[in-house]
Number of protein chains: 2
Amino acid sequence: MFSKACEYGIKASIFIALNSYHGKRVSLKAIAKEVASPEAFTAKILQDLVRHDIINSVKGAHGGFEIEKNDISSIKLEHIVRAIDGDKIYSGCGLGLQTCDENHPCPVHDKFVDIRNGLKQMLETTNLEELALDIKSGISFLKT
Amino acid sequence: MFSKACEYGIKASIFIALNSYHGKRVSLKAIAKEVASPEAFTAKILQDLVRHDIINSVKGAHGGFEIEKNDISSIKLEHIVRAIDGDKIYSGCGLGLQTCDENHPCPVHDKFVDIRNGLKQMLETTNLEELALDIKSGISFLKT
DNA sequence: TGTATTTCGGATAGTTTTATCCTATTTATA
DNA sequence: TATAAATAGGATAAAACTATCCGAAATACA
Ligand code: FES
Ligand code: FES
């Protein structure tokens, strides 16, 4: 469903949010360990999220990644997925036609659009805060 | 969502079904043209579907691919997807945890499972006959 | 000022997916 | 039987995705 990069990006963002909530900045090393992702690859993904203004980075000693406290609840999964995987999830035809078009639909268009809209809806309404809180309370997990 | 191989496989199967409906066997060349897929790659995918007993092939002059007329309505998209992409769509965790487990859920488990079940349901209940009939009646299209 | 820490960014390597090529095998028909 | 038409299958190539490496730049602190 999502690319590896996107999976890592979402999990990393949740972990950063969780810590930013307490005013703690986290390092790449800590993130990669906590979400069980390859360090160097995760670095690339985080750079991408920084460029898209989803997370902030601070270079140098005591540097790391953080999220504006006020932004945590307004950052939706959609923003992260769009930054990393682009909008192919949203716009593409399920069977690879050049464009997904009501007026020139592929055989599964109607059924596919239903499912895609569900996914879209989910990504647009799920924010980092709720996900981070579930981790904090031990309801959900980032690895294993 | 689906791999290219799977997209080609589904479209090819629909085209074969459409023709088998009229007792017509179709060649690889005709299939690739009709679904706008690379010929040699499509050949591999069709071989896969033949090995999985989803379609039949006949070698030699006047050979080609066909589907048992009585099977057209009982072949579900699920069978094709499983044959080509395996069951990763069904079993895997949306965020890449080793196993998708109620008792050790990732942060998006509940929401993800909902969507995955919708997809599963769709694939399990959609059969080749209905898709082929929509093509026949000009309601849907296999390419462009 | 010097050093350790840490992100940034370019280059490179490995793996999987997608795609192509060529030969062997099978079959209908002249 | 000879030939042409098709699928089968192995080998290979190209592209995309995943992952690693290393030096540059920035920053805190001694
Ligand atoms: S045209 Fe294929 S999903 Fe819309
Ligand atoms: S544990 Fe991640 S989707 Fe179920």
Side-chain angles (χ1 to χ4, degrees), chain A residues 1-13 15-16 19-20 24-33 35-67 81 83-86 88-89 92 95-96, chain B residues 1-13 15-16 19-20 24-33 35-67 81 83-86 88-89 92 95-96:
Chain A
M1 188 83 85
F2 302 124
S3 66
K4 277 286 163 198
C6 207
E7 289 176 8
Y8 298 151
I10 291 173
K11 290 191 286 185
S13 297
F15 180 66
I16 296 168
N19 281 275
S20 294
K24 264 191 232 163
R25 191 182 287 158
V26 284
S27 71
L28 166 64
K29 195 178 264 184
I31 295 168
K33 188 180 170 190
V35 311
S37 61
E39 205 173 304
F41 189 38
T42 305
K44 299 297 185 200
I45 299 161
L46 292 177
Q47 280 172 39
D48 213 8
L49 294 177
V50 168
R51 272 185 232 110
H52 280 85
D53 286 319
I54 293 169
I55 63 179
N56 296 120
S57 69
V58 178
K59 282 170 139 185
H62 301 122
F65 300 88
E66 62 194 5
I67 299 178
V81 173
I84 299 174
D85 280 355
K88 55 189 168 186
I89 286 189
L95 293 188
Chain B
M1 187 81 87
F2 302 124
S3 66
K4 276 286 164 198
C6 208
E7 289 177 8
Y8 298 151
I10 292 172
K11 289 192 287 186
S13 297
F15 180 67
I16 297 169
N19 282 276
S20 294
K24 265 192 234 163
R25 192 181 287 160
V26 283
S27 71
L28 166 63
K29 195 178 263 186
I31 295 168
K33 189 180 172 193
V35 310
S37 61
E39 203 173 305
F41 189 40
T42 305
K44 300 297 187 198
I45 298 160
L46 293 177
Q47 279 173 39
D48 214 9
L49 294 177
V50 169
R51 272 186 232 107
H52 280 87
D53 286 320
I54 293 169
I55 64 179
N56 296 120
S57 71
V58 177
K59 282 171 138 185
H62 301 121
F65 299 88
E66 62 194 4
I67 299 178
V81 173
I84 299 174
D85 280 356
K88 56 191 168 189
I89 287 190
L95 293 187

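In the text below, chain A, chain B and the rest are named by the order of the sequence lines, each starting its count at 1. FYI, side chains are in, hydrogens and waters are out, and symmetry mates aren't considered; it's all heavy atoms of this structure.
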Tell me: [atom1] of [X] to [atom2] of [N], nearest whole Å?
X: Lys44(A); N: dT20(D); atom1: NZ; atom2: P; answer: 12 Å
X: Gln47(B); N: dG9(D); atom1: CD; atom2: P; answer: 5 Å
X: Asp48(A); N: dC8(C); atom1: CG; atom2: C1'; answer: 13 Å
X: Ile45(B); N: dT7(D); atom1: CD1; atom2: C1'; answer: 15 Å
X: Glu39(A); N: dT18(D); atom1: CD; atom2: P; answer: 19 Å

Checklist entry - Taking the side chain as C-beta and beyond, is there a heavy-atom pair between Ile10(A) and Val35(A) under 4.5 Å? => result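 Ile10(A) does not reach Val35(A) side chain to side chain.
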Next on the checklist: Can you confirm whether Ile16(A) sits close enough to Leu46(A) that some side-chain heavy atom of one is under 4.5 Å from a side-chain heavy atom of the other?
Outcome noted: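 Side chain of Ile16(A) against side chain of Leu46(A), heavy atoms only: contact under 4.5 Å found.
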Next on the checklist: Going by ring-ring contact (aromatic ring centres under 6.0 Å, His included), name the residues that satisfy it together with Tyr8(A), two or more places apart in sequence or in a different chain.
Outcome noted: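 Here the qualifying residues are Phe41(A).
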Once side chain to side chain contact (heavy atoms under 4.5 Å, CB included) is applied, do any residues pair with [X], and if so which ones, sequence neighbours excluded?
X: Lys29(B); answer: Ser27(B), Glu39(B)
X: Asn56(B); answer: Glu66(B), Glu68(B)
X: His52(B); answer: Asp48(B), Ile54(B), Ala83(B)
X: Ser57(A); answer: Val50(A), Phe65(A)

Checklist entry - What bend angle does the helix from dT1(C)-dA30(D) to dA30(C)-dT1(D) show across its length, from five-pair end axes and to the nearest 10 degrees? => result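 Here the helix ends are tilted 10° relative to one another.
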Checklist entry - Among residues 49-56 of chain A, which residues get a heavy atom nearer than 4.0 Å to DNA chain D? => result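 Close to the strand, none.
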Checklist entry - Counting side-chain heavy atoms from CB outward, which of dT20(C), dT7(D), dC8(C) is closest to Ala40(B)? => result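 Of dT20(C), dT7(D), dC8(C), dT20(C) is nearest to the side chain of Ala40(B).
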Can you give me the N/O atom pairs linking the protein to nucleotides 15-17 of chain C at distances under 3.5 Å, or say none if there are none?
none

Next on the checklist: Does anything in residues 25-32 of chain A come within less than 4.0 Å of DNA chain C? Heavy atoms only, and list the residues if so.
Outcome noted: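 Those residues whose heavy atoms fall under 4.0 Å from DNA chain C, taken from residues 25-32 of chain A in numerical order, are Ser27(A), Leu28(A).
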Checklist entry - Between dT18(D) and Tyr8(A), is there an OP1 or OP2 to side-chain N/O distance shorter than 4.0 Å? => result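 No, no such contact exists.
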Item to check | N/O (side chain, Ser57(B)) to phosphate O (OP1/OP2, dA6(D)) under 4.0 Å | outcome: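 So the side-chain polar atoms of Ser57(B) never come under 4.0 Å of the phosphate oxygens OP1 or OP2 of dA6(D).
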Checklist entry - Can you pull the salt bridge (Lys or Arg N to Asp or Glu O under 4.0 Å) pairs that have at least one residue in residues 2-13 of chain B, sequence neighbours excluded? => result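 Salt bridge (Lys or Arg N to Asp or Glu O under 4.0 Å) check on residues 2-13 of chain B returns Lys4(B)-Glu7(B).
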Checklist entry - What pairs with Asp85(A) under side-chain hydrogen bond (donor to acceptor under 3.5 Å, both in side chains), at least two apart in sequence or on another chain? => result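 Here the qualifying residues are Ser3(A).
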Checklist outcome for this item: Contact string for nucleotides 23-30 of chain D, one letter per nucleotide 5' to 3', B = base within protein heavy-atom range under 4.0 Å, S = sugar-phosphate only, - = neither, reads ---BBSS-
